[in-house]
Amino acid sequence: MTRPVVTRFAPSPTGFLHIGGARTALFNWLYAKKLGGKMLLRIEDTDRERSTQAAIDAILDGLKWLELDWDGDVVYQFSNAARHREVVEQMLERGTAYRCYASAEELTQMREAARAEGRTRFYNGLWRDRDPSEAPAGVKPTIRLKAPLTGETVIEDQVQGRVVWQNDNLDDLVLLRSDGTPTYMLAVVVDDHDMGVTHVIRGDDHLINAARQKQIYDALGWEIPVMAHIPLIHGPDGSKLSKRHGALGVDAYRSMGYLPVALRNYLVRLGWGHGDQEIFSTDEMIAAFDLPAIGRSAARFDFAKLENLNGHYIRHSNDQTLLDSLENLLRYIPNGAQIAAKIDDNKRAQLLRAMPGLKERAKTLLELIDGASFILAERPLTIEPKARALLTPETRQLIGRLHGALQAVEAWSGESTEAAMRGFAETNGLKLGAVAQPLRVALTGRTTSPGIFDVLAVLGREECLARLADQTSE
RNA sequence: GCUCCCUUCGUCUAGCGGUCAGGACGUCGCCCUCUCACGGCGAAAACAGGAGUUCGAUUCUCCUAGGGAGCGCCA
């Protein structure tokens, strides 16, 4: 008796896939996966002026990067325009819709009058029951829904609960524009119905639209899908996350070095919780996800938490996978090409070997790349200012003696170099830190790096001795 | 202005009439330590305000304040 669940993600292609859209897509995807159903993808391109192919590409690219796959072919709403008109014809015949010849001026007057009188509904029913013979010549009408005048419209929302509107606050909305193209409100209803959508999960900026669409469903005699309106995401300062106010496309998060798993985990916990659990594998997420558990208040976007999660996933990633992700990212960052040019199989082997120490210290792939720069660097190393301060005549002299001690090591490894360094420190009455820091500066050009014996091992005997020699004199 | 939604530590949240109001991120200490991280331990930190209902409200109801969404021949 229960139909298989069908959800859909329905972005309008007027811009990139922003973070709120990504979360909506994730929720739809999770719910479909949880119930063994399908998630469909529909591009709402009925606004021919603002829809662009570039935006469609960006949305598809964003979804793929996030690994949120959809079922079947992408549906382009505009291609269903004929069907939308057909449905409106039926409504006209049945008397649930009517032609409206009101001019733009008349409409403006109605709007102003409504606002002045403190009414929400503005259309005054001018053409609602008027005889078509009165139609002005040469004016192409819009088709409006003959919405109920009294009573109430109720939505049993999975997230928001029972929401009730008095029908006298709802308008006779336009179904078909005067040029014969369908409006969003009509197209959504017809497409969701035709596509067999059982659950509509979308941003709560559509909550009122649910009421309007319910009236269309009623007029058509169709059953309304289960509704779930999820709260919006706000900026760190609590303001609306608009495109001109810090909203970034998901491609921006990719460029900042975030992992898709981390972003998904962060996003799912925004507005939704499952006890005290913070980390969710994809399977756990699917199993635990549920609509009624979604909170009703807007959440602020917090980069610090995203970073923490990203660091967690980096640390727990497989070394080879991480290296692949890192190399892949190079295509999306400014100086990526130069870095990519330096990576050959030899460097790959070194990066892989250093990865356990590197990933422990990186919260983003960008930091991982930065941390790996000592491997990619060429002699003579450029020494960072902070590191340069450690290069005094005394430490340079010490580096020279370190060079000598290390030169004696034949079987080069982390262990053998560590033994040599500890021995050196002990015989000279020095703490290990006193020799490790100058060594680090000479080897990496920085004051921070993975464990110094790992650095020694990764770089190899020849390179290490050469870098030490570079800093010995002068 | 009108309609609808929201309000627990700085942030994300747990809580579904009786809890010392829990966890996580962040912050601040301490430990570990060759640096930085990681990890471990600990601390500070919240029920927007006011009326009710109740033996008892963070939890239920109403009001106020604040925030958000919508009020298109945009989606």
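Throughout, protein chains are lettered first and strands after them, A, B, ... in sequence-line order, and every chain is numbered starting at 1. For the numbers below, each heavy atom of this structure counts, side chains included, while hydrogens, waters and symmetry mates do not.
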Sugar-phosphate, base or nothing in reach of A/V188, heavy atoms under 4.0 Å: nothing
Distance-only donor-acceptor check, side chains A/R446 and A/S373, under 3.5 Å: yes
Touch class at under 4.0 angstrom, heavy-atom based, for A/T181 against every strand present: nothing
Sugar-phosphate only, base, or nothing, as touched by A/R48 at under 4.0 Å among non-hydrogen atoms: nothing
Sugar-phosphate, base or nothing in reach of A/E44, heavy atoms under 4.0 Å: sugar-phosphate
Ring geometry between A/Y258 and A/Y253 (parallel below 30°, tilted from 30 to 60°, perpendicular above 60°): tilted
Touch class at under 4.0 angstrom, heavy-atom based, for A/Q160 against every strand present: sugar-phosphate
Base B/C36 to side chain A/R361, donor-acceptor N/O within 3.5 Å cut-off: yes
Watson-Crick or G-U wobble mate for B/U33, both contacts under 3.5 Å: none
For nucleotides 8-11 of chain B, which of its nitrogen or oxygen atoms have a protein nitrogen or oxygen under 3.5 Å away, and what is each distance?
none

Contact state string [nucleotides 41-49 of chain B, B base, S sugar-phosphate only, - no protein heavy atom under 4.0 Å]: ---------
Assigned partner base of B/U3, Watson-Crick or wobble definition, under 3.5 Å: B/A69
Sugar-phosphate only, base, or nothing, as touched by A/R446 at under 4.0 Å among non-hydrogen atoms: nothing
Spacing of the P atoms in B/A57 and B/A51 (rounded, Å): 12 Å
Sugar-phosphate, base or nothing in reach of A/H206, heavy atoms under 4.0 Å: base
First encountered from the 5' end of RNA chain B, between A/R162 and A/P141: A/R162
Residues which pass ring-ring contact (aromatic ring centres under 6.0 Å, His included) with A/Y313, listed by chain and number, not counting sequence neighbours: none
Residues in contact with RNA chain B, drawn from residues 450-461 of chain A - heavy-atom cutoff 4.0 Å: A/P450, A/G451, A/I452, A/F453
Sugar-phosphate, base or nothing in reach of A/I208, heavy atoms under 4.0 Å: base
Sugar-phosphate, base or nothing in reach of A/R50, heavy atoms under 4.0 Å: base
Between C1' of B/A21 and CG of A/D276, the distance in whole Å: 12 Å
Base-pairing assignment for B/C16 (Watson-Crick or G-U wobble, both under 3.5 Å): none
Sugar-phosphate only, base, or nothing, as touched by A/M421 at under 4.0 Å among non-hydrogen atoms: nothing
Inter- and intrachain pairs under side chain to side chain donor-acceptor pair (under 3.5 Å), touching residues 353-366 of chain A, at least two apart: A/D319-A/K359
Touch class at under 4.0 angstrom, heavy-atom based, for A/R42 against every strand present: nothing
Which pairs, protein N/O on one side and nucleotides 65-67 of chain B N/O on the other, fall under 3.5 Å?
none

G-U wobble or Watson-Crick pairing nucleotide for B/U58 (cut-off 3.5 Å, both distances): none
Touch class at under 4.0 angstrom, heavy-atom based, for A/L439 against every strand present: nothing
A/L66 vs A/L26 side-chain heavy atoms within contact, under 4.5 Å: no
Nucleotide paired to B/A48 in any strand shown, Watson-Crick or G-U, under 3.5 Å: B/U64
Sugar-phosphate, base or nothing in reach of A/T120, heavy atoms under 4.0 Å: base
Of A/E117 and A/V174, the one whose closest RNA chain B nucleotide lies more 5': A/E117
Sugar-phosphate only, base, or nothing, as touched by A/R269 at under 4.0 Å among non-hydrogen atoms: base
Euclidean distance for P, B/C6 against B/C63 (whole angstrom): 13 Å
